[in-house]
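Accompanying notes for the structure given below.
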Amino acid sequence: MARGKLRIYLGAAPGVGKTYAMLAEAHRRLERGTDCVVAYVEHHGRPRTETLLHGLEQVPRRRLEHRGASFEEMDVDAVLRRAPAVALVDELAHTNVPGSRNAKRWQDVEELLAAGTDVVSTVNIQHLESLGDVVESITGVRQRETVPDEVVRRADQIELVDMSPQALRRRMAHGNVYQPDKVDAALSNYFRPGNLTALRELALLWVADRVDEHLNAYRSEHRVSRIWGSRERIVVGLTGGPEGRTLIRRAARLAEKGAGGEVLAVYIARSDGLTAASPKELALQRTLAEDLGGTFHHVVGDDIPAALLAFARGVNATQIVLGSSRRKTWQYVFGPGVGATVARESGPDLDVHIVTHEEVAKGRGLPVARGSRLGRGRIVAGWVTALAGPALLALLLNAVDLGLANDMLLFLAVTVAAALLGGLLPALASAALGSLLLNFFYTPPLHRLTVSDPRNIVAIAIFFGVGMAVASVVDLAARRTHQAARLRAESEILSFLAGNVLRGETSLEALLERVRETFAMESAALLERAGDLEPWTCAGRAGLGPPLERPEEADVDMPVGDHMALALTGRVLPAEDRRVLAAFAAQAAVVLDRRRLKAEADRAGALAEGNRIRTALLAAVSHDLRTPLAGIKAAVSSLRSDDVAWSEEDRAELLEGIEEGADRLDHLVGNLLDMSRLQTGTVTPLIREIDVDEVVPMALVGVPEDSVGLDVPETLPMVAVDPGLLERSVANLVENAVKYSPPGRRVTVSASALVDRVEVRVVDRGPGVPDEAKDRIFEPFQRYGDAPRGAGVGLGLAVARGFAEAMDGTLTAEDTPGGGLTMVLSLRAARPGPEPAPAGEDTAEQERQPQ
């Protein structure tokens, strides 16, 4: 069966009209003959929304009892039996009442989609799981009902329902969102203009990002290479010179003029050296780009214009910002420059901005081309001079007689010129050709390749030697220049790498991504093995492509020690690049070792924490152990005294005091031993399948009669737990709840099934705990409020949570509606039950925000 399609109406806040838009869409589909039903829609008393429900078939809801109240939830089974073409499901992030088929409504929607039913739903931006912290920082309200972002991302259609903050506040003031008695409080708190504006921006940006993802996927799927200017992306080409900061600021101003503009600063380094890049300046420009909301990229490319255009097209950029050339006027004879080349080859879909700056025409070194130390243009000019120069000079000297000495000096000048331009080989060719021409035309006998005067032979030999010497000097200077440029490039890359470490970018994945980006590779991975015969394992990787199983499968393999290697795929690197790559590989090994050392330090810290806790334990129990011991000793001494004749009532009271003191000691010592086991990591649960109703009643032994009400259905699925640890956890929770419950108010212990979990809830009606203290109460030696020392050392809840986590469970605290605290112990079910368990006493907060 084909999976159904999901359409989501996304809004920035309650009341923008998501449910109204969804119902309007349902009426349009009904008019087209589509089988459309209402699975669950809440109109929240809004007349216009309620009116749109008329004429739509509504599937009856399921009624559930919870904490003495009746609730209605979507009946998933009824909707599946009805099998409509389209189902309307409101409030996608809603938490279902315990005892429902699923814990969350989005899980109900997943079942409908899997059954082939199309679903139309609604959700607010504040309910997306990844934005919980952001929304809380804006509104001051923590959203407990959330939906995973991936669920919304997978929707086939996402439609934004937008409304300005002013319009939404007018709707509220007119009573179209909340009841009149709630309007003033809402407008002055959650629905302040600033809150609504920030939430609206979140919604717009989130939807824009999803649209961008779909666009990139479409372009990749259909192999679209042309740039689509759907969003302003501005690439800034940096040279490492001081003008880069001016270019970044100009690009940022351009980006502000467009919707969702993005700035990408890119520095393209030649693989064989740089001419004027300052590592300090690049670091400043990187910081500036990131401060202005952009990103910084460092790539390697021999043809700078081609690499820049390839990068821009790869990120679907719409504009390129370059600075005016810093070359002097005479340097343009060697080529038009990067800016002119990029502008010529950018095409009609990519705008190029040439920005003036203070460094224009102040000069910069010529770029060094890969494959030759002198550059292709100089080599060509050298060969032209070497071959054509002597021939033209011979024709000129045939018309003018200057004497042999002057003729040789002129031919030597041509040879020197060829050496200066083209290096050794053109100079040798010029010297050889010049020697032949001198011999043939200007040394007796003329027009013959013989020399009659020995002095002329010496002169020709000196001429040839001087030419070779000059050519050798030029070639050596070119070689040294190339080496200097190469070393400068390497030092800059290594300086950049060290800067990343100083900035805290020390994660292995970030470093591998930097390697991949620097050398323009498809993927980079760090492989290691324990021994020569052991298989390779991947310690970390970055980039696309299938994972590597052996270094030999990579295009580039850089060993790091005997049992580690940095492997790259994409292209074969030249030998001269491997020295820098070796530095990256060594740094990757250091980062991996540092990560492992940090893990060791964390374990050592845990041991130190255990020692600290044991020290605190001794200090904390000094009074709590002495109090019951003192009471027991006093009672026993009184009973053994012969000076007083104790009545039966007095003896019974003293014996009762002894028994209570012994029980307190037993409980205290038990908690101390349990905490010690948890801190030393010696708790090894013996997991087996057992019914909850077999363990929970045993945990209530020792609590006062009629102080606890038990509601554990026999139909619950079995749980995979250690019975002893579970009993101890529940006993501590019940004891804590009874301790803080007011007289005459019973503690309720209930259990219910939720999907693949079974939840045990211990509900009290005591003073409760504020949200900021709910996590602290589970820490050792924590007693909330002004609890006296006789109330215990504060280990009961810490032991309960430790045992729960040892059994792959969780223990959390929630507010009890009407006052009090609820402890929720979630356990893993041994196997799913055939039917959902009936709802028991529960304290899950049901946030039904207006839609």
Side-chain angles (χ1 to χ4, degrees), residues 8-16 18 42 44 90-96 103-107 121-153 158 160-166 168-169 172 177-178 182-210 293 768-779 782 784 801 810-817 819-824 826 842-851:
I8 293 179
Y9 287 93
L10 177 69
V16 296
K18 302 180 302 300
E42 186 66 52
H44 296 288
D90 206 4
E91 302 178 10
L92 186 64
H94 169 73
T95 300
N96 293 329
K104 292 285 190 176
R105 184 163 293 164
W106 63 264
Q107 296 171 327
S121 187
T122 64
V123 71
N124 284 327
I125 192 68
Q126 66 263 31
H127 292 299
L128 294 182
E129 199 167 73
S130 66
L131 299 178
D133 295 338
V134 179
V135 173
E136 183 179 9
S137 66
I138 294 171
T139 64
V141 177
R142 181 67 178 183
Q143 298 294 332
R144 298 187 181 277
E145 290 191 331
T146 60
V147 57
D149 290 45
E150 187 60 28
V151 174
V152 183
R153 284 196 185 99
I158 300 177
L160 179 66
V161 182
D162 188 31
M163 179 178 290
S164 69
Q166 294 78 11
L168 179 56
R169 285 172 59 85
M172 295 193 64
V177 179
Y178 281 150
K182 299 180 180 180
V183 170
D184 291 339
L187 289 175
S188 59
N189 291 283
Y190 192 89
F191 289 85
R192 294 194 299 269
N195 290 359
L196 297 178
T197 301
L199 292 174
R200 188 187 189 196
E201 182 182 27
L202 276 180
L204 292 170
L205 291 177
W206 195 90
V207 173
D209 287 339
R210 302 292 78 73
V769 175
D771 291 340
E772 61 271 13
K774 282 187 171 62
D775 286 333
R776 292 203 306 270
I777 61 175
F778 293 102
E779 297 177 4
Q782 295 293 323
Y784 179 69
R801 172 173 274 188
T810 60
L811 177 60
T812 57
E814 296 180 354
D815 292 329
T816 302
L821 190 67
T822 296
M823 294 293 177
V824 183
S826 178
D842 184 70
T843 60
E845 184 175 339
Q846 303 296 322
E847 294 182 5
R848 300 175 180 270
Q849 293 206 25
Q851 300 295 320

**Report entry** Note: Lys774-Asp815 ion pair, threshold 4.0 Å (strictly below)
**Finding:**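 Salt bridge: yes.
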
Identify the heavy atoms of [X] and [Y] that sit nearest to each other, and give their distance.
| X | Y | answer |
| --- | --- | --- |
| Gln126 | Ala12 | OE1-O, 3.2 Å |
| Leu10 | Asn124 | CD1-C, 4.0 Å |
| Arg169 | Phe191 | NH1-O, 2.7 Å |
| Leu92 | Arg105 | O-CB, 3.8 Å |
| Glu42 | Glu91 | CB-OE2, 3.7 Å |
| Pro165 | Pro193 | CB-O, 4.3 Å |

Rounded to the nearest 0.5 Å, how far does [atom2] of [Y] lie from [atom1] of [X]?
| X | Y | atom1 | atom2 | answer |
| --- | --- | --- | --- | --- |
| Gln166 | Thr197 | CD | OG1 | 6.5 Å |
| Arg200 | Leu205 | CZ | CG | 11.5 Å |
| Trp106 | Glu150 | CH2 | CD | 10.5 Å |
| Leu811 | Met823 | CG | CE | 6.5 Å |
| Lys104 | Asn96 | NZ | CG | 8.5 Å |

Query raised in the report: Between Ser121 and Asp90, is there a donor-acceptor pair closer than 3.5 Å when you use the side chain of the first and the backbone of the second?
Result: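 No, Ser121 side chain to Asp90 backbone: no donor-acceptor pair under 3.5 Å.
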
Query raised in the report: Does the Glu814 side chain pair with the main chain of Thr822, one donor and one acceptor, at a distance under 3.5 Å?
Result: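 No; zero donor-acceptor contacts below 3.5 Å.
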
**Report entry** Residues that Asp149 engages under side chain to side chain contact (heavy atoms under 4.5 Å, CB included), provided they are two or more places apart
**Finding:**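 Asp149 satisfies side chain to side chain contact (heavy atoms under 4.5 Å, CB included) with Leu128, Glu129, Ser130, Arg153, Trp206 only.
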
Report task. Give the intermediate values and the outcome of side chain to side chain contact (heavy atoms under 4.5 Å, CB included) for residues Ile125 and Val207. Result -> CA-CA 10 Å; Ile125 192 68; Val207 173; over 6 Å; no

Query raised in the report: What's the verdict on side chain to side chain contact (heavy atoms under 4.5 Å, CB included) for Val161 and Thr122, showing C-alpha distance, side-chain angles and the deciding distance?
Result: CA-CA 10 Å; Val161 182; Thr122 64; over 6 Å; no

